[in-house]
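Working notes, structure below.
Atoms within each ligand, like the ligands themselves, are counted from 1 in listed order.
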Amino acid sequence: MEYNLKDKYILQLNEKEKALETRDLNIFYGEKQALFDGNLQFERYKITSLIGASGSGKSTFLRSLNRMNEGVADVKGSILYRGIDINSPKINVYEMRKYIGMVFQRPNPFSKSIYENITFALKENGIKDKEKLAEIVETSLKQAALWDEVKDDLNKSALALSGGQQQRLCIARAIAMKPDILLLDEPASALDPISTAKIEETLLELKEKYTLIIVTHNMQQASRISDYTVFFHLGNVIEYNKTKNIFTNPKIKLTEDYISGNFG
Ligand SMILES: Nc1ncnc2c1ncn2[C@@H]1O[C@H](COP(=O)(O)OP(=O)(O)O)[C@@H](O)[C@H]1O
Ligand SMILES: [Mg+2]
């Protein structure tokens, strides 16, 4: 089957709905181009899933959104956040990441207590008041659906938690900074089905307060939790639409073949 990678359908949002937008994003690892002309818009307080076969450029794209690719990939094009191009060399990347946080595939808590995992960055950012810190620890853990399990053990090492709990701690750590946008790269792929279900429930609750963009190789997961879905193929954004449309009525043949399991 021959596909024309120029056949695309990319949904456009209204200006006021957009939390983040990429324009003509082209990403290179040395000579190799891993993303072609990424033009996408992400809606505020929604979950957008990025799906596609392994190596299709999902992580490359996601990581560029808060410049985690810095020094590894060459990212050309603009990324608009509140009217500012955050891909500009003038941007203070550390400052920007307070607004656009990331959770990785493998839970990566610090080898410190549960409490300190959450307060570390807050303290670095000048929040020293003990009551304030305790309050943020509690609300973050509640939002990440971990509070009930750890509230009596906040001084325990984070490394003593299960994988699923560690990942919810990493989510709590990310939201403690009160970001606007949370990027998640296959946050449940290393977890068992019960922990995965918990993470999915957590994400559905988080979208009341945050804009979520999540890479998942699990199409059922994308259809369960996301409002919008983007399908990537060989570094191209082929189709972007409401999740329901992508899974029940894709506009592009390549999307249809991918979601019906014909390749990848
Ligand atoms: N650090 C890197 N250096 C060189 N090539 C990379 C690097 N990371 C990813 N790539 C390449 O970029 C392409 C897209 O990879 P990636 O974004 O990880 O895809 P996905 O997340 O969809 O599996 C692949 O061909 C991959 O081999
Ligand atoms: Mg990936």
Heavy-atom donor-acceptor pair, Ser226 side chain to Ser223 backbone, under 3.5 Å = no
Report yes if some heavy atom in the side chain of [X] is under 4.5 Å from a heavy atom in the side chain of [Y]; otherwise report no.
X: Tyr258; Y: His233; value: no
X: Phe232; Y: Val237; value: yes
X: Leu5; Y: Ile238; value: yes
X: Ser195; Y: Gln167; value: no
X: Tyr9; Y: Leu11; value: yes

Can you name the side chain to side chain donor-acceptor pair (under 3.5 Å) partners of Glu15, sequence neighbours left out?
-> Lys18
Rounded to the nearest 0.5 Å, what's the gap from CD1 on Ile127 to CD1 on Ile136? Could you check?
-> 4.5 Å
Write down, by chain and number, every protein residue that brings a non-hydrogen atom to less than 4.0 Å from an atom of ligand 1.
-> Tyr29, Lys32, Ala34, Ala53, Ser54, Gly55, Ser56, Gly57, Lys58, Ser59, Thr60, Val72
Under 2.8 Å from the Mg ion (ligand 2), which protein N, O or S atoms are there? Could you list them by chain and number?
-> Ser59 OG
Sequence neighbours excluded, which residues qualify as side-chain contact (heavy atoms from CB on, under 4.5 Å) partners of Tyr3?
-> Met1, Lys253, Leu254, Asp257, Phe263
